[in-house]
Amino acid sequence: MKQTRIIWDMPITIEIVGQTINRNDLEHIFTYFKHIDSVFNIFDESSEMSRINKGKIRKAKWSTEMKEVLALCKKTKKETYGYFEHERNGAIDPLGIVKGWAIKKGANKLLEKGYTNFYIDAGGDIQVHGHNKDRQLWSVGIRNPFNRFENVKTLFLTGCGIATSGNYIRGNHIYNPFQTGKPVPDVVSLTVIGSDVCEADRFATAAFAMGEKGIYFIEKIWGFEGYMIDQKGIATYTSGFEKYTQPKNLSNQFANINL
Amino acid sequence: MKRFILSSIVLIFFMMYSLYYRVAEQPAIPVVPPKNNPNPSPTATTQPAATNAPAPTGTPVTPTNTPTLTPRSGYKDGIFTGEAADAFYGYIQVQAIIQNEKITDVKFLQYPNDRSRSIYINEQADPMLVQEAIRAQSANVDIISGATDSSQAFIQSLQSALNKAK
């Protein structure tokens, strides 16, 4: 069963295969995502995030979810030498982390309900579990940053997350915090594979802000692989990335599947 | 009132941009064009670079320069050890070496360890990255990963630009 909704101003798709599916379980996840939107959306004046940014809620009254996300923002900033930045113009904007964090929560809810073969895709940030309807690893294409109707790489994944940061869709939204006001021009797309989509998303966001050095950062940190595309159409990828291009690979150490 | 005007300007810009976007054949190339770029800007083809494409597996590239991360200005020269930070699988602790107000090297003092595959990151060696020209592949995939297709990102970007114009 596959369903797509527009939430967080983007298409979110959930597909579950291989067993009897209760439609309500899918709806439950979408409802959760709408709830997350109402908490964190900075373009919604009534969201908790907006009200915190206006100083209307003191820290002791912040929701558990808010505290968890902001703690993760701070942690990510430390781990990425400040290149992950969630504060801008005196306001907090956790966009670079909330999406991956929420998808992971959604995936955990499906796992708790006993589903083992599914993916959640929110605007290109994806978490995959188990196998697809053909009992194969989930195949994931990396979109061509120069042509949205093409893929430039095909990966075969399970039990992990993948996130792509880029500046080719309607303007640059990732900023180098050390050169405020200047968007990052050299790298047009950076895809990161990690143990789950929350990890992949937060490091993809930060590494993208590092420009062409971001791929070095991904190479250096354990447990992540990356694929970077520059504005000349040259891709640079990490030393462990290639295994994911093999259809039958089971090299993902976080997999726990019966194919 | 001011906020209303600002929101209206943002909305009008976005509507005009959307209109242009629908009319244009291709999505916009990255906003900042490369300067003095001898290669033509990438278009619909997926091999905008050299005609002699390297083999699909690519050529291993060992970069000659240690990358330098540019920090905020005002750092003192020296060696600085960071706190250990919880990286989910274990702790990361780094040591930054600063020379001439730039971070010239970062060493890992602590890194998460995998039981079956222990990795020692040798700070003397450059990372072994691989390069290739991108090529179109099968469109027959289960899922596609690309950058966020979000109009919010555009509004956010534009809004911050307008803030600077104030």
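The figures that follow rest on heavy atoms only: side chains count, while hydrogens, waters and symmetry mates do not. Please read these numbers as outputs of a predicted model, since none were measured by experiment. Every chain is numbered from 1, with letters handed out A, B, ... down the list of sequences.
- Formation of a donor-acceptor pair under 3.5 Å by the B:D142 side chain with backbone atoms of A:W138 is not found in this model.
- Other residues, nucleotides and ligands contribute over 12 non-hydrogen atoms within 6.0 Å of the CG atom of A:D134.
- A:T191 and B:S145 are not linked by any side-chain donor-acceptor pair at a separation below 3.5 angstrom, with hydrogens and angles left out of the test.
- Annotation for B:V141 and A:N151: closest pair CG2-ND2, 3.7 Å, computed over non-hydrogen atoms.
- Here the closest heavy-atom approach between residue B:Q137 and residue A:T154 is recorded as OE1-N, 3.2 Å.
- Residues A:K153 and B:E132 are paired through a salt bridge, judged by an N-O separation under 4.0 Å between the basic side chain and the carboxylate.
- In this structure, the side chains of B:I144 and A:V140 stay at 4.5 Å or more apart for every pair of heavy atoms.
- Remark: A:F241 pairs with A:Y227, A:Y237 by the ring-ring contact (aromatic ring centres under 6.0 Å, His included) rule, at least two apart or across chains.
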task = Given side-chain contact (heavy atoms from CB on, under 4.5 Å), test B:I134 with A:N144 step by step and report yes or no.
result = CA-CA 8 Å; B:I134 57 172; A:N144 183 348; 3.8 Å; yes
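- A:E87 meets the salt bridge (charged side-chain N to carboxylate O under 4.0 Å, His left out) test with no other residue; sequence neighbours excluded.
- Of all heavy-atom pairs spanning B:M128 and A:S239, the tightest one is O-CB, 3.3 Å.
- For A:I229, the part sitting under 4.5 Å from any heavy atom of chain B is the side chain, from C-beta outward, and nothing else.
- Looking at A:D121, A:T13, A:I120 one by one, the single match for side chain to side chain contact (heavy atoms under 4.5 Å, CB included) with B:I143 turns out to be A:D121.
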